[in-house]
2 protein chains.
Amino acid sequence: MTMDMVAARAKAGKATVYRRWSSKVELVRDSLAWMNRTHLELDNLPDTGTLRGDLLALLKPRSIEEDERKYRVFAGMGSFWQHSEFVEAGIAGFFEPWIVINRELMHRAVGRGEISASADIELACEVITSMSYFRGLIQRKPFDKRYFTALIDGILLPALKNPKPSPNAVDQ
Amino acid sequence: MTMDMVAARAKAGKATVYRRWSSKVELVRDSLAWMNRTHLELDNLPDTGTLRGDLLALLKPRSIEEDERKYRVFAGMGSFWQHSEFVEAGIAGFFEPWIVINRELMHRAVGRGEISASADIELACEVITSMSYFRGLIQRKPFDKRYFTALIDGILLPALKNPKPSPNAVDQ
DNA sequence: CAATTACGGTACTGTCAAGTTCCGGAACTA
DNA sequence: TAGTTCCGGAACTTGACAGTACCGTAATTG
């Protein structure tokens with residue numbers, strides 16, 4: 001991802017790119033922010049009546065391919081992993097919305113009495129995100145509907161429907 | 001991570017480094033392989049009688065700090081993320097042994113009748129690894145004993161002790 | 001001790017990519 | 001049409017870093 005490539009892809013001159021962004025750092029920052037603008041409106045979440053239905057409703061073909069593009073972007077960002085500013089503001093920002101959404105859906109499910117009130121929501125709402133990330137970026141296997149449903153039905157819902165064996169809080 | 005730094009850290013001349021490795025690529029490959037040599041012998045796993053005990057026995061202070069060093073290495077490897085050769089052989093190789101160990105411990109637990117035989121072991125044995133990675137490299141928070149036990153007690157064991165909920169034929 | 005080898009250090013070369021400068025031409029304006 | 005502004009493109013500068021060449025010296029061997 002060189003600036004020449006960026007300019008070429010934009011069918012623009014490098015000078016023009018630098019007219020709009022004063023450095024590559026700013027360009028990357030803005031690009032990340034742009035990608036982070038989530039299409040998922042927090043106040044318009046799916047509400048199917050079951051946690052399982054809500055979660056499945058989140059996984060649209062759109063988001064699958066978007067995720068894969070994000071992973072390719074990550075892999076190509078190379079040197080920016082050193083600057084923790086970017087990891088925090090940019091990369092972590094990718095995942096935070098999903099975690100927030102999961103948290104909200106799970107809290108609703110608790111309210112409905114669908115899952116145990118003593119479940120560790122704070123941890124559970126990071127499970128999908130963590131594992132999708134690991135699968136996409138490390139294992140480089142598709143995070144598709146099959147895997148997603150297996151995750152929900154095989155891990156997440158069983159974990160949430162039971163009270164946890166021992167009460168444990170995690171710092172946040 | 002420049003070759004000058006490597007040489008300096010080794011209190012050696014750059015020429016000496018190049019006498020042993022013909023290129024940086026080979027050096028990184030060998031370094032990854034060396035870090036991957038796991039201290040956990042597969043035929044000498046903990047056997048405390050419970051899955052919980054076995055898993056907790058895996059988490060030694062040694063491995064915690066080693067993991068954090070690995071994450072720092074990852075963050076510093078920058079450009080190598082493009083070459084999927086390295087991601088597969090090197091980085092993925094870090095995690096595979098842990099997954100294998102988890103799988104073995106869980107199969108034992110199934111054999112003891114401790115966890116449900118219908119549990120999704122293949123998925124479950126990736127949970128700890130995925131989430132430790134996410135926490136260490138993305139969230140940059142410590143993967144310590146507190147978090148680890150919360151993960152085991154709040155997610156993993158509850159998920160495993162229950163049969164999967166009905167794989168209902170819900171929406172498409 | 002003398003000869004050879006191995007090493008640490010430093011200076012050099014080549015390459016690649018970020019950032020700058022400049023120019024010619026297109027598009028808009030009067 | 002003439003003047004002004006903006007853009008694409010290409011050449012250039014600069015810095016960082018991989019890889020190389022070389023030298024003085026310490027260790028090794030006969």
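Here is the naming used below: chain letters follow the sequence lines, and residue numbers restart at 1 for every chain. Values reported hereafter were calculated over all heavy atoms of this structure, with side chains retained and with hydrogens, waters and symmetry mates removed.
For B/Arg140, the CZ atom sits in a packed shell: over 12 heavy atoms of surrounding residues, nucleotides or ligands are nearer than 6.0 Å. The environment of CZ in B/Arg112 is crowded: more than 12 heavy-atom neighbours from other residues, nucleotides or ligands sit within 6.0 Å.
Under the 3.5 Å distance criterion, with hydrogens and angles disregarded, no donor-acceptor pair is assigned to the side chains of B/Arg135 and B/Ser132.
Here the side chain of A/Tyr18 is nearest to one of D/dT20, C/dG19, C/dG8, namely C/dG19. Among C/dC7, C/dA17, D/dT20, the nucleotide with an atom closest to any side-chain atom of B/Arg20 is C/dC7.
No hydrogens or angles were tested; on distance alone, nothing pairs the side chain of A/Lys24 with the base of C/dG19 as donor and acceptor under 3.5 Å. The base of C/dG8 lies outside donor-acceptor range of the side chain of B/Lys11, with no N or O pair under 3.5 Å.
Closest-nucleotide positions on DNA chain D for B/Ser23 and B/Arg19 were compared, and the one nearer the 5' end corresponds to B/Ser23. DNA chain C is contacted by both B/Ala8 and A/Ala15; B/Ala8 maps to the nucleotide lying nearer its 5′ end (nearest heavy atom per residue).
Rounded to whole angstrom, the span from the CE atom of B/Met3 across to the P atom of C/dG8 amounts to 14 Å. For the pair A/Arg9 CZ and D/dG8 P, the interatomic distance rounds to 17 Å; values are reported in whole Å. The separation between A/Asp4 atom CG and D/dC12 atom P is 15 Å, rounded to whole Å. With rounding to whole Å, B/Leu27 atom CG is found 15 Å from D/dC17 atom C1'.
A/Met1 comes within contact range of the sugar-phosphate backbone alone, with a heavy-atom separation under 4.0 Å but no base atom that close.
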Quiz item: How far apart are the C-alpha atoms of B/Phe94 and B/Tyr133, what are their side-chain angles, what is the distance that settles it, and do they pass the ring pair (Phe, Tyr, Trp, His ring centres under 6.0 Å) test?
Solution: CA-CA 11 Å; B/Phe94 280 123; B/Tyr133 176 70; over 10 Å; no
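In terms of phosphate contacts, B/Thr16 brings no side-chain nitrogen or oxygen within less than 4.0 Å of OP1 or OP2 of C/dC7.
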